[in-house]
Amino acid sequence: MKRYGKYIKPYLSAFILGPMLMIVEVLGEIVLPKLMAGIINVGTVNGNIPYILRTGGLMILTAIIMALGGIGGAYFATKASINFAADIRRDAFKKVQTFSFVNIDKFSTGSLVTRLTNDVTQVQNLVSMALRMMLRAPGMLIGAVIMAFAMNRRLALVIVVVVPILILLIIIVMNIAFPRFQALQAKIDKLNSTIRESLQNVRVIKSFVRDDFEEKKFEEANKDLKDTGMRAFKVMITTWPLMGFMMNFTTLAVVWFGGKQIIVGEMMVGDLTAFITYVTQILFSLLMVSMVILQSSRAFASAKRINEILDCEVDIVDTDAASPEKTVDTGSVKFENVSFRYYKESGEKVLDNINFDIASGETVGVIGSTGSGKTTLVSLIPRLYDTDEGKVYVDGVDVRDYSLKNLRDGVSVVLQKNVLFSGSIEENLLWGDESASHEDIVEVAKLAQADGFVTSFEEGYERDLGQGGVNVSGGQKQRLCIARAMLKKPKILILDDSTSAVDTATEAEIRKNLKAYCPETTKIIIAQRISSVIEADKIVVLDDGVVVGLGTHEELMSSCEAYQEIYYSQMDKEDAK
C-alpha cells in the first residue's frame, strides 16, 4: 500500500469525494424506509392526505439528493481509478524501458503485454469498485442494523444469526478464489504469447504450410485459458446463488416472525415493510462486500504480477558512473580479459578471456562460426550486457563509468534482426537523428543503397512501412536500418551481419560509402561472408567464445587455421590461389 500511495496522492480529492458522495446516497437509503413506514402507519391508516403529501415530497427531495450523490460518487471514483491505473501503467512501461537484455529475458513479451494491460485493468476495476463501496457498503450495513434494532430488537435477532454465516462464506470464497485467479492471469500470458508469435511469424507459417499446427497450438492455449477461467469463475457462479438464497431465506424469516407480531398487535404493517427493506440493505451490503472481495482476489494476483515488474532489479544502471558527463569522443575500444556468461550460475562461458584493441576510425571485422559469441561480444560495447569478468573500455574509459545515454548516443548498432516500426520510411530514419533535414535523410539513404527502391514507391519517403516493416523485403529493411544508423553519425558503428540479405555488389558499395561518409567512425562489422571483412584493418576470429586469430586478411591466411577453413569453404580454389 505504501507503494501505491504515490499514485493516490495526485488525485486525493477524487479519492475522498467519491466515497463521501456515496455516503449521501447511503443516508437517503436509510431515511427512505422510515419515511415510507410513516406514510403507511400514519397517512394511510388515518387517511391523513396532507401528511402523505408532505412526507411524499420529502421522499422525492431525498431521492433527488441521493441521485446527485450517486452520480457524483461514481464520477469521482471513475476519475480516480482511471488516473491511478494510467500512472501505474506509465511507471511499469518506463521500468520496462530501463530493462537490460538479461531483465527482458526473465519475462516473455506476451507476459509483459498482459501485465501492462489486463493486470493494470484488474487493479483499476478494484479501485473503482472499492471507492464506490468503501463507505457505501459499511455505511449501509451499520445504518440499516441500527435502524432495524431500533425498530424491533427481537426481530433483529434473525440478522444476528445470518450475518456471521455470510461473513464465513465470504472468507471461504476469498481463500478459494485467490490462487485460481492467479493461475488465470498466467494462462492469459500464455495465450497472448501464442497469438503474438503466430501473428509475427505468419509468413513463415504459411510458407511451411503449418496453419493446422498453429491452429492446434492456439486451440490448446485457448482451451487451457477457458478451463482455468471456468474454474476461477465457478467461485462467482456459486457465490451469487448462495448469497441470494441467504437473502431470500432471511426475508422469509422476517416476514414469518414479523407477521406473527402484526397479528398480535406488537408491530405495525409500515414498520414491517421498513424492517424488510433494512434487512435487504444489510444483506445487500454484505453482497457488495463479497463482490469487492472477489474482485480483489483477482486484482491482488494482478498487483503481484505488476509488482514483479516494478520490483525487478535492473542489472545495468549508471547510478555509480564515475564520469556521467563524459561523451564518446574518438571511438577507440579495448577488451581487457573479458568473460561473459548468459546463465550466471553456469560454469560455461560464452566469451572467455577476450583481449584486443580497436583504434579510433579503424574498420574491424568479426568472423566465426554460428554461436561463437560474435553478437555477444559487440553487445558489451553499448552495455546491452555487462561483462562477468574483465572490462570494456571506450576512449580509455570503462563503459560502466559513462551514463547509459551518453555511451549509447556515441554508438550505433544495426542488429542482426532488423527492426522497423509502423510509420513512414522518413519517420523510421529520423530515429537516427530526429532533427535531420529531408536532404540529410536522402543522403544517407543513397549511401546505404536505399534511395533507389524508396523513390520507386509512389509515396517515396512517406510510404507507410506497416507494423515491423512488412511492406519491404529483408534486404530493403537492412539498407534502411544502415541508413538510420548512419544518420546518427556515431563514433562507433556496429553492423551485426546487417548485409546478409543484399548481394555482394551492393554490399561492397555500402562498405565503400561508409568509409567515405564517416572516415573517423570506428566500424565493427560482424559477418558470415569473408568478402564482407576481407578489406578490414584487422579481423577478429572467434571460435567457441575464444579469440583464435587477430590480424589482417594476409596475416590470418598465414597464421590462423580457423580463418583459413572459413576462407577455403567460401572461395573456390582458383580464387584462393
Side-chain angles (χ1 to χ4, degrees), residues 18-42 55-56 58-70 72-74 77 129-171 173 239-240 242-262 266-294:
M20 292 302 293
L21 287 171
M22 284 297 178
I23 282 292
V24 173
E25 188 178 27
V26 170
L27 291 173
E29 289 179 340
I30 298 300
V31 170
L32 282 178
K34 187 66 176 175
L35 294 175
M36 177 59 73
I39 288 177
I40 296 171
N41 293 338
V42 179
T55 308
L58 185 58
M59 289 181 69
I60 292 171
L61 179 62
T62 302
I64 292 171
I65 295 172
M66 284 174 58
L68 293 174
M129 187 179 291
L131 288 176
R132 295 184 185 194
M133 308 296 184
M134 184 191 307
L135 296 181
R136 192 174 191 274
M140 185 186 295
L141 176 64
I142 294 168
V145 167
I146 291 171
M147 293 300 291
F149 272 90
M151 293 184 73
N152 194 314
R153 290 175 179 247
R154 279 197 300 158
L155 200 54
L157 292 175
V158 175
I159 301 169
V160 175
V161 174
V162 174
V163 168
I165 297 173
L166 289 176
I167 292 173
L168 179 62
L169 179 64
I170 290 169
I171 293 170
V173 165
T239 300
W240 282 92
L242 283 173
M243 296 293 285
F245 171 78
M246 295 301 295
M247 287 179 68
N248 292 327
F249 175 80
T250 306
T251 303
L252 285 172
V254 168
V255 172
W256 174 263
F257 292 110
K260 286 186 173 182
Q261 290 186 18
I262 290 172
E266 294 179 355
M267 191 176 193
M268 299 183 72
V269 174
D271 289 344
L272 179 60
T273 304
F275 195 93
I276 291 172
T277 304
Y278 288 131
V279 169
T280 304
Q281 288 177 354
I282 292 167
L283 298 175
F284 188 68
S285 65
L286 289 172
L287 185 60
M288 285 192 290
V289 170
S290 70
M291 287 170 58
V292 173
I293 290 174
L294 282 172

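None of these values were measured; they are calculated from a predicted model. When reading the values below, keep in mind they use all heavy atoms of this one structure, side chains included, and skip hydrogens, waters and symmetry mates.
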So CD1 of Ile65 and CD of Glu25: to nearest 0.5 Å the spacing works out to 12.5 Å
Residues Ile30 and Ala144: closest non-hydrogen pair is CD1-N, 3.5 Å
Taking all atoms of both residues into account, what is the closest heavy-atom pair of Ala274 and Met151, and its distance?
-> CB-CE, 3.8 Å
What are the two closest heavy atoms between Ile262 and Val269, and how far apart are they?
-> CD1-CA, 4.0 Å
Hey, could you give me the CE/CD1 distance between Met147 and Ile142, rounded to the nearest 0.5 Å?
-> 14.5 Å
Heavy-atom closest pair, residues Met22 and Ala74 | CE-N, 3.5 Å
Steps toward side-chain contact (heavy atoms from CB on, under 4.5 Å) verdict (Val279, Val158) | CA-CA 9 Å; Val279 169; Val158 175; over 6 Å; no
Can a salt bridge be assigned to the pair Arg136 and Glu29 using a cut-off of 4.0 Å between side-chain N and carboxylate O?
-> yes
Heavy-atom side-chain contact between Asn152 and Asp271 under 4.5 Å = no
Kindly check if the number of other-residue, nucleotide or ligand heavy atoms within 6.0 Å of CZ (Phe284) is above 12?
-> no
Value for CE (Met66) from CG (Leu21), rounded to nearest 0.5 Å, stands at 13.5 Å
Drop me the distance from Thr273's OG1 to Ile39's CD1, to the nearest 0.5 angstrom.
-> 11.5 Å
Minimum-distance pair of heavy atoms, taken over all atoms of Phe275 and Ala148 = CE1-O, 3.2 Å
Between Thr277 and Met36, does a side-chain contact (heavy atoms from CB on, under 4.5 Å) hold up when you go through it step by step?
-> CA-CA 10 Å; Thr277 304; Met36 177 59 73; over 6 Å; no
Compare all side-chain heavy atoms of Thr250 with those of Val161 and state whether any distance is below 4.5 angstrom.
-> no
Hey, does Val24 have a side-chain heavy atom less than 4.5 Å from the side chain of Leu68?
-> no
On a heavy-atom basis, the closest approach of Thr62 and Gly28 is CG2-CA, 3.6 Å
Whether over 12 other heavy atoms sit under 6.0 Å from Met59 CE = yes
Look up atom NZ in Lys34 and atom CG in Asn41, then write down how far apart they are to the nearest 0.5 Å.
-> 8.0 Å
Find out whether Leu272 and Leu155 are in side-chain contact, i.e. whether some heavy atom of one side chain is under 4.5 Å from a heavy atom of the other.
-> yes
What distance separates Thr55 OG1 from Ile60 CD1, expressed to the nearest 0.5 Å?
-> 11.0 Å
